[in-house]
Amino acid sequence: MKAITNSKRKGEVGELAFACAAMERGLRVYEPYGDSAPYDFIIEGPKGLLRVQVRSVWQKSRFYHIGCMWTSRRKSYSRKDIDLVAAYIAPEKLWYLVPVEAVADRKSIYVWPHSKNSRGLWEKYRERWELLGARSLTPRPRRGAARARRGKAA
């Protein structure tokens, strides 16, 4: 497959990746008509309706820069604009889901996801789908499975 070089196209692919990831986790995804809203999606889940702005980074790097502002207005997102920034780090195939309150008054954040034992300011938001009310993709052990394993070891 040919690499995507157009930045608008990369943003669109990032948005599709978010929609797929959210739906896999049991959330309903709505997209507003047009592209003048400050958010890319409205998510319906157990926590109600949430406005999500999707950002994506495509170039492999030592660290990743995530823009947290309206590109056209050059101003930071606020609670009146969105509820959450969903940042897709494409080379690492992972997400940072950050409430807007955490990025208020910031034009960008930086993450180091591949640094071993990283405890950076934004690591607590890595793969935090539950902030949207999403269910985990990690299967839970069946009831009694742990008990059965303990019984066999005894």
Working to the nearest 0.5 Å, report the span between [atom1] of [X] and [atom2] of [Y].
{"X": "Ile42", "Y": "Leu50", "atom1": "CD1", "atom2": "CG", "answer": "10.0 Å"}
{"X": "Ser76", "Y": "Asp105", "atom1": "OG", "atom2": "CG", "answer": "6.0 Å"}
{"X": "Glu12", "Y": "Ser56", "atom1": "CD", "atom2": "OG", "answer": "10.0 Å"}
{"X": "Ile89", "Y": "Leu94", "atom1": "CD1", "atom2": "CG", "answer": "6.0 Å"}

Legend entry - Worked verdict on Leu97 versus Trp129 for side chain to side chain contact (heavy atoms under 4.5 Å, CB included): CA-CA 7 Å; Leu97 297 130; Trp129 290 95; 3.6 Å; yes
Inset, instruction - Determine whether the side chains of Tyr64 and Gln59 contain a donor N or O and an acceptor N or O closer than 3.5 Å. - result: no
Taking all heavy atoms of [X] and all of [Y], pick out the closest pair and write down the distance.
{"X": "Val29", "Y": "Ala22", "answer": "CG2-CB, 3.8 Å"}
{"X": "Gly45", "Y": "Leu27", "answer": "CA-CD2, 3.9 Å"}
{"X": "Ala102", "Y": "Trp122", "answer": "O-CH2, 3.3 Å"}

Legend entry - Ser108: side-chain contact (heavy atoms from CB on, under 4.5 Å) partners, not counting sequence neighbours: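 Residues passing side-chain contact (heavy atoms from CB on, under 4.5 Å) with Ser108: His65, Tyr110.
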Quick check against the 3.5 Å criterion: does [X] have a side-chain atom that pairs as donor or acceptor with the backbone of [Y]?
{"X": "Asp40", "Y": "Val54", "value": "yes"}
{"X": "Arg126", "Y": "Pro113", "value": "yes"}
{"X": "Arg25", "Y": "Leu132", "value": "no"}

Inset, instruction - Please check if the distance between the ring centroids of Phe18 and Tyr88 is under 6.0 Å. - result: no
Legend entry - Positive for side-chain hydrogen bond (donor to acceptor under 3.5 Å, both in side chains) with Tyr96, one of Glu127, Glu123, Arg55, Arg128: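 Only match with Tyr96 under side-chain hydrogen bond (donor to acceptor under 3.5 Å, both in side chains): Glu123.
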